[in-house]
Undergrad: 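Here it is: the structure, laid out below.
Hydrogens, waters and symmetry mates play no part in the numbers below; they use all other heavy atoms, side chains included. Atoms within each ligand, like the ligands themselves, are counted from 1 in listed order.
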Amino acid sequence: MAQIIKVLKGTKDILPQDVDMWQFVEEKAQKIFGAYGFKEIRTPIIEVTDLFSRGVGDTTDIVNKEMYTFEKSERSITLRPENTAGVVRSYIENGMARLSAPVKLWYKGPMFRYERPQAGRQRQFHQVGVEMFGIKQPAADAEVIMSAVDFLKSIGLNDLEVEINSLGCPKCRAEFKEKLKSVLRPYLNDLCEDCQNRYEKNPLRLLDCKVEDCQKIYSKPEIQKVIMSDFLCDECREHYTELKSYLDAMGVKYSENKLLVRGLDYYTRTVFEIKSNNLGSQNAVCGGGRYDGLVSQLGGEDTPAVGFAMGMERLISLLPEKNSKKLDGYIVSNNTQEAFKLAQELRNQGCSVEFDLANKKFTKQLEKASKVAQKALILGEDEISNGQVSVKNLETGEQIVVDRKNLKL
Ligand code: HAM
């Protein structure tokens, strides 16, 4: 026998029995984000590599270690590791800046990151997300966070934790980074290799290092004092305070987490995550924030923007399992031609119907019907000659005879 080919490590089939769940989540996304005025956008899965090095940031793990990149016709191409950069590219390229602000877009689809696979972390995973362009006021941040919370509620996830933080603007953040570096300088040789690199390239990321020895250093009082300090400039502080006042007014529960820095470079001011205690170490269901510098960094006009993305596998793993939908009817008949005709009549009415293409014994067909359908539609010789169908409700066992022309499922 030929050798079996298996699915690639870190990727998964979404099997028919699970697809109902995915469609349920996708339909809710369309409904809830639609209710907030977001329109769906579908961008390509492959983009020019530069988009991500310039967009996501070449000091991030995503760009440095995790991208699937290949050459084609002397161009470097990458499977998208996330979709904010792609949506920004499309916003600029399609002149969406000319539309009246805010421009509100939502998306769903596969993303690719070459990470070490574990529970809740795959190499091909799916995100659903939104991006809002053109509004600098914190009401936009609040509306984006509310749309995430509403969407999660709509699929039955009510008890997730919303965490927020402000990373300030490039100006006040630069001062904070310098302060952080100066208190950490004496400990530089004791930090892990990754942190030693981050120290120069991206000192904010030091804060979410998972290595215990690093965390011990970061919890020293003189370092905690800097981490916990309020480094925001007046404008950034006002923005953050106003955002919190909207969330309070709308009854959105959140906590503030000074260590929330996110793994992508484009954020300015607001960042947020939504977490679940039932997910183990990969506990973030949603991550997002404001990225006021990204549109201009990728060649567009200076445009404020804010958005988020959620991991669909993580969302779905939190939902109770649903039974697969049953067919509306299963035709039980040994007359294949008549079964074809009845199936067609019912399918044309929009009903889901199957029958036995192999023309097995009547009893076998009835057994199958009780497994896969809500009703058995019995079409024996008597029913055929009388223009009727015997309809058996497979839940209650009740059976009635109906004129074929009046049959409704
Ligand atoms: P992110 O935090 O990298 O942000 O990803 C968002 C969510 O995608 C995570 O919270 C997680 O649920 C899911 N996710 C990420 N990596 C994996 C993985 N390897 N396996 C399974 N799920 C994963 C972004 O991607 C930003 N583009 C979000 C954003 C939009 N910010 C502003 N607008």
Undergrad: Heavy-atom contacts with G120 under 4.0 Å: which atoms of ligand 1 show up? List them by number with element.
TA: 20 (N), 21 (C), 22 (N)
Undergrad: If we set the cut-off at 4.0 Å for heavy atoms, which region of F308 has an atom near ligand 1: side chain, backbone, both, or neither?
TA: backbone
Undergrad: Taking only heavy atoms of E131, which atoms of ligand 1 are found under 4.0 Å from at least one of them?
TA: 30 (C), 32 (C), 33 (N)
Undergrad: Is there a polar contact, in the sense of an N or O pair closer than 3.5 Å, between R113 and ligand 1?
TA: yes
Undergrad: Between the side chains of D194 and K65, is the shortest nitrogen-to-carboxylate-oxygen separation below 4.0 Å, so that they form an ion pair?
TA: yes
Undergrad: Looking at G288, which atoms of ligand 1 are within less than 4.0 Å of one of its heavy atoms?
TA: 31 (N)
Undergrad: Quick check: E273 and ligand 1, any N/O pair under 3.5 Å apart?
TA: no
Undergrad: Among Y114, Y291, Y267, F112, whose heavy atom sits nearest atom 31 (N) of ligand 1?
TA: Y267
Undergrad: For C286, take its heavy atoms, then give the atoms of ligand 1 lying under 4.0 Å from any of them.
TA: 10 (O)
Undergrad: Charged N to carboxylate O below 4.0 Å: is that the case for K341 and E338?
TA: yes
Undergrad: Quick one: does Q127 get a heavy atom under 4.0 Å from ligand 1?
TA: yes
Undergrad: With heavy atoms only and a cut-off of under 4.0 Å, state how R314 meets ligand 1: side chain, backbone, both or neither.
TA: side chain
Undergrad: Show the atoms of ligand 1 that are less than 4.0 angstrom away from any heavy atom in G287.
TA: 10 (O), 28 (C), 29 (C)
Undergrad: Output yes when the distance from some N or O of ligand 1 to some N or O of A284 is under 3.5 Å, and no in every other case.
TA: yes
Undergrad: If you measure every N or O of G311 against every N or O of ligand 1, does any of those distances drop under 3.5 Å?
TA: yes
Undergrad: Examine ligand 1 and decide if any of its atoms is less than 4.0 Å from a heavy atom belonging to R262.
TA: yes
Undergrad: If we count only N and O atoms by modelled type, under 3.5 Å, do the side chains of S281 and Q118 hold a donor and an acceptor together?
TA: yes
Undergrad: How are the rings of F308 and F272 set relative to one another: parallel (under 30°), tilted (30 to 60°) or perpendicular (over 60°)?
TA: perpendicular
Undergrad: Numbering the atoms of ligand 1 from 1, which are under 4.0 Å from a heavy atom of Y266?
TA: 26 (C), 27 (N), 29 (C), 31 (N)
Undergrad: If I apply the N/O under 3.5 Å rule, does T84 come out as touching ligand 1?
TA: yes
Undergrad: Do R113 side-chain atoms and I62 backbone N/O form a donor-acceptor pair below 3.5 Å?
TA: no
Undergrad: Does a donor on one side chain and an acceptor on the other come within less than 3.5 Å for Y240 and E256?
TA: yes
Undergrad: Does the plane of the ring in Y91 sit parallel, tilted or perpendicular to the ring in F133? Use 30° and 60° as the thresholds.
TA: parallel
Undergrad: Does an N or O anywhere in N83 fall below 3.5 Å from an N or O of ligand 1?
TA: no
Undergrad: Find all atoms of ligand 1 within a distance of less than 4.0 Å from any non-hydrogen atom belonging to E115, and give their numbers and elements.
TA: 16 (N), 18 (C), 19 (N)
Undergrad: With salt bridge (Lys or Arg N to Asp or Glu O under 4.0 Å) as the criterion, how do E345 and R404 come out once you've worked through the C-alpha distance, each side chain's angles and the decisive distance to 0.1 Å?
TA: CA-CA 10 Å; E345 285 162 25; R404 199 152 145 178; 3.2 Å; yes
Undergrad: Looking at V285, which atoms of ligand 1 are within less than 4.0 Å of one of its heavy atoms?
TA: 10 (O), 12 (O)
Undergrad: Could you check whether K322 makes a cation-pi contact with F24, meaning its NZ or CZ is under 6.0 Å from the centre of the six-membered ring and within 45° of the ring axis?
TA: yes
Undergrad: Side chains of N334 and N359: any donor to acceptor distance under 3.5 Å?
TA: yes
Undergrad: Can K181 be said to sit on top of Y199's aromatic six-ring, NZ or CZ under 6.0 Å from centre and within 45° of the ring axis?
TA: yes
Undergrad: Are K368 and E354 close enough for a salt bridge, meaning some N to O gap below 4.0 Å?
TA: no
